[in-house]
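Quick notes on the structure that follows.
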Amino acid sequence: MKLTFPDHFMWGSAASATQTEGASQQFGKGKNIWDRWFELEPERFHNRVGPEHTSQFYQNMKEDIPRLVATGHNSFRTSISWSRLYPEGTGDINPQAVDFYNAMIDALIENGITPIINLFHFDMPLAMQDIGGFENEQVAHHFARYAASSFRLFGDRVKYWFTFNEPIVHVEGGYLYNFHYPNRVDPQAAVRVAFNTLYASALAIEQYRAQEQDGKIGIVLNLTPSYPRSQHPADLRAAEIADLFFNRSFLDPAVKGTFPPELLTLLEKHNLMPSGLGQACAVIQRNTVDFLGVNYYHPRRVCARHSLPNPEAPFTPEYYFDNYTMPGSRINEDKNWEIYEKGLYDIALNIRDNYGNTPWMVSENGFGVKDERNRIVNGELNDDYRIQFYRDHLFWLHKGIAEGSHCFGYHVWTFIDNWSWSNAYRNRYGLISLDLQTGSRLVKKSGHWFKALHDNNGFDY
Ligand code: BG6
């Protein structure tokens, strides 16, 4: 069966500034929270590899961009590093950053690749974190100024923008579960950070529209469908609440401009509702997205809790459910993530039916593998497992599109194996394998396969 995708479908991959650029404290860049955390606790990074040791896109950009063409990209998402453009987060612009991003955008376009630019991928400038990060409403305004400058500097050529990548992740990591700096467990702060992030996103969208550029702006959300263990009312309720906290908390305000009332009721019940939200809510309501990016790696399965929660413990959404491993599920053991391709179809139909069929793209989908360099034989990396993963997800995506969901692109994570926060190079995801010692690049079998996928605008399934 030949699966063909719509005309002008966007094929490519996603990456981010801090994960690829290297030169993390050179060429005028200010520190961000990753530079700081690595200075403080290098042992929390896999093999003690920090943000200086990335694929060095800053220096290799001219050679790497043709590799995008060789691996089937007609579009590519990366981010601007806020602390490279504004070393202090606000104040003066770093002219070297302007030169670098101009050169990158121009080289992409010269190579026939549509640039998709994101403004924030987990990388808060340290100077902004030092004044409270998104706990401080002022930082939302600083973000909007940085966004407005980016539109003014690059918006003549960049026509697809994202404000944030997976905004719930810096909330979870930094303020609930301790896997990002500032490593706090503070539900009150988490809710405020989440709220001000949405406010910052809406302010940036407002700035974009004020400049009247003929492009589109959206947000990337990691939508993780919540599946109940069974149809028992307690399991169904558990799944509904997980969905409220982990998906609808950002999806509803981003697309509809409003928060799910039940989420607000739950936050009130736990005394977590921030005060003084009126004006910010109005900004959020007025500035919904033109389109969505959806990152999908794995589903979430939940069941009713087996024990009563401790009402005195710091609140986390798990107050209302237990995570659940479905017997018989297929797991990527290296990540301990379930593989469930149909999740992408369920997302497609959810957006079609419950979110006004907003245009969207798969902005990340990928398969991380440990010690993948050991699989190189005679100079080739035959990552058939990854091709299988893409094929099966694309089958379900195609079905969702055929049934009317308005998806216009599919990006994998990622282009060249990249540095991934505290996991550093533990899990390799790239279409191209990176030799950490020499920096040399090797196109994996999936990179060649992706080129054919792009050239044929589809594949035989
Ligand atoms: C995505 C993030 O969710 O997961 C990326 O947007 C990250 O920034 C990717 O690199 C893979 O994460 P990990 O931890 O498996 O390497």
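Excluded from the calculations below are hydrogen atoms, water molecules and symmetry mates; all remaining heavy atoms, backbone and side chain alike, are included. Counting starts at 1 for both ligands and their atoms, following the listed order. All of these numbers come straight from a predicted model, not from anything done at the bench.
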Carboxylate-amine/guanidinium contact [X] [Y], below 4.0 Å:
{"X": "D35", "Y": "K29", "answer": "yes"}
{"X": "K445", "Y": "E380", "answer": "no"}
{"X": "D383", "Y": "R375", "answer": "no"}
{"X": "D290", "Y": "K216", "answer": "no"}
{"X": "D417", "Y": "K444", "answer": "yes"}

Short list, please: which atoms of ligand 1 are under 4.0 Å from a heavy atom of [X]?
{"X": "S420", "result": "7 (C), 10 (O), 11 (C), 12 (O), 13 (P), 14 (O), 16 (O)"}
{"X": "Y429", "result": "11 (C), 12 (O), 13 (P), 15 (O), 16 (O)"}
{"X": "E364", "result": "1 (C), 2 (C), 3 (O), 6 (O)"}
{"X": "K335", "result": "13 (P), 14 (O), 15 (O)"}
{"X": "N427", "result": "13 (P), 15 (O), 16 (O)"}
{"X": "N423", "result": "13 (P), 14 (O)"}

Note the single closest protein heavy atom to [atom], along with its residue, its atom name and the distance in Å.
{"atom": "atom 4 (O) of ligand 1", "answer": "Y297 OH, 3.7 Å"}
{"atom": "atom 3 (O) of ligand 1", "answer": "E166 OE2, 2.8 Å"}
{"atom": "atom 9 (C) of ligand 1", "answer": "W413 NE1, 3.7 Å"}

Kindly confirm or rule out a cation-pi arrangement of [X] over [Y], judged by NZ or CZ under 6.0 Å from the six-membered ring centre and within 45° of its axis?
{"X": "K335", "Y": "Y297", "answer": "no"}
{"X": "R301", "Y": "Y340", "answer": "yes"}
{"X": "R300", "Y": "Y227", "answer": "no"}

Ligand 1 contact on N165 by region, counting heavy-atom pairs under 4.0 Å: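 The part of N165 near ligand 1 is the side chain, not the backbone.
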
Just heavy atoms, cut-off under 4.0 Å: does H121 contact ligand 1 by side chain, backbone, both, or neither?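 Contact part for H121 vs ligand 1: side chain (C-beta onward).
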
Contact (N/O only, under 3.5 Å) between W421 and ligand 1: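 So ligand 1 has an N or O lying under 3.5 Å from an N or O of W421.
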
Side-chain donor or acceptor of N74 paired with backbone N/O of F9 under 3.5 Å: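 Yes, the answer is positive, given that a donor and an acceptor are paired below the 3.5 Å cut-off.
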
Out of curiosity, is N222 lining ligand 1, as in a heavy atom under 4.0 Å away?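 It does not; every heavy atom stays at 4.0 Å or beyond.
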
